[in-house]
Amino acid sequence: MHHKYSAPFLFDGHQLRTDGCVLIADETGGIVAITQQHDAGDDIQFLQGCICPGFVNAHCHLELSHMRGRVSPQQGMVGFLEKVLFDRQAPDDVVMHAMHNACDEMTGKGIVAVGDISNLLVSAPVKAAHGLYWHNFIEVSGFVPDNAEKRFQQASAVAAAFHAVFPPAQVGVTVHAPYSVSRPLMQMVAHQHPAILSIHNQESLAEEAFMQDATGDMLHLYASLGIDIGFFSGIGQTSPHWWLPLLEQKQPVLLVHNCTTHSSDVTLLQHALHTIYWCLCPGANLYIGNPLPDVDMLLQHGATLCLGTDSLAGNTELSILHEMQILQQHKNLNATQLLGMATYNGAAALGIADKFGHFGTATSPGILLLEGFEADGLLDMVTVQRLL
Ligand SMILES: [Zn+2]
């Protein structure tokens with residue numbers, strides 16, 4: 001028994017169709033075909049709104065879900081990081097319960113796949129128990145070069161434990177951010193060739209000042225951590241100039257945030273690297289008090305954009321629809337562009353476009369209905385429900 005759906009709008013992962021076509025899927029959600037009505041036979045369900053593949057959340061930190069509401073908005077980057085570093089302790093049952101709820105929330109909002117940053121093992125059993133696809137970025141940090149080996153071994157041990165639960169393609173060690181990793185640590189991570197390397201890139205003005213000439217608020221963070229960073233005097237340039245030479249050309253990277261990224265940074269990176277995905281997390285940027293990325297500039301460079309919610313420590317909800325709505329309120333983007341970011345581009349970034357992000361034959365991307373969707377217009381009034 002096949003499911004047959006038709007609606008005034010159908011976004012297939014690449015383009016918005018308005019030809020009244022019919023999406024045919026098997027009982028398990030596998031896509032069979034998109035056909036014209038006269039070829040689809042009987043039992044077509046005619047719906048209102050837009051049919052769309054399941055959303056991909058390319059950047060999340062599930063293990064911080066219990067911190068929802070614990071960090072007040074607009075603390076700035078350093079205030080936020082201090083709160084997360086010093087105030088994340090909570091009883092195990094609270095942490096587990098919050099992660100389960102967060103998985104349910106994402107599922108309810110139409111998310112089918114998640115690129116999730118993990119510092120600890122704690123999220124692995126929760127993820128395995130929910131029907132979402134997970135790419136586990138095992139994140140390492142450590143700004144003091146002498147600690148690089150130890151930090152890398154610790155992260156590798158967490159990755160090994162994740163491997164017991166997930167296939168190899170769904171686990172890789174990755175770095176936190178240029179301002180929190182040393183050169184040898186960055187090299188160790190790059191040299192193990194993860195399928196994709198995720199980097200928190202150019203998220204705040206504080207980070208920019210720190211990387212440029214070791215000034216600004218970020219100094220407070222290292223002081224409060226008790227880490228002597230007297231050896232660091234800045235690199236005199238923006239951070240991509242520092243980490244780019246440590247990677248290999250063919251290493252695909254997922255750059256997250258990009259709030260203070262300049263046109264010259266994009267030129268530099270695109271010239272040197274084969275594959276770059278630019279993940280935007282506007283909800284977290286607004287919550288923390290960081291600038292929103294220059295989306296027009298990124299698009300002018302032909303950048304491949306995808307979307308992430310970041311964590312509930314620094315966002316009000318885990319909803320890719322909400323991220324699209326925020327971007328549309330602040331930037332000049334139409335629904336087709338945003339839906340591409342929310343579906344196919346995110347799937348491509350996580351290396352799962354053979355199954356997710358579009359209605360290609362033999363994919364199983366999840367099927368959503370965006371109710372209240374009109375023309376290629378505003379997503380403000382749209383709500384999402386899962387059809388299959
Ligand atoms: Zn993050």
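We number each residue from 1, following the sequence as shown. Just so you know, ligand 1 is whichever comes first in the structure, and atom 1 is the first atom listed for that ligand.
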Is [X] close enough that one of its N/O/S atoms sits under 2.8 Å from the Zn ion (ligand 1)?
X      : result
His59  : yes
His257 : no
Cys60  : no

Cluster link Leu254 to Leu62, ILVMFWY, side chain under 4.5 Å: no
Three-point angle Asp310:OD1, the Zn ion (ligand 1), His200:NE2, rounded to the nearest 10°: 170°
Partners passing ring-ring contact (aromatic ring centres under 6.0 Å, His included) against His66 (at least two apart in sequence or in another chain): none
Residues in ring-ring contact (aromatic ring centres under 6.0 Å, His included) contact with Phe373, at least two apart in sequence or another chain: Phe9
Parallel, tilted or perpendicular, as decided by the 30° and 60° cut-offs, for the rings of His200 and His176: tilted
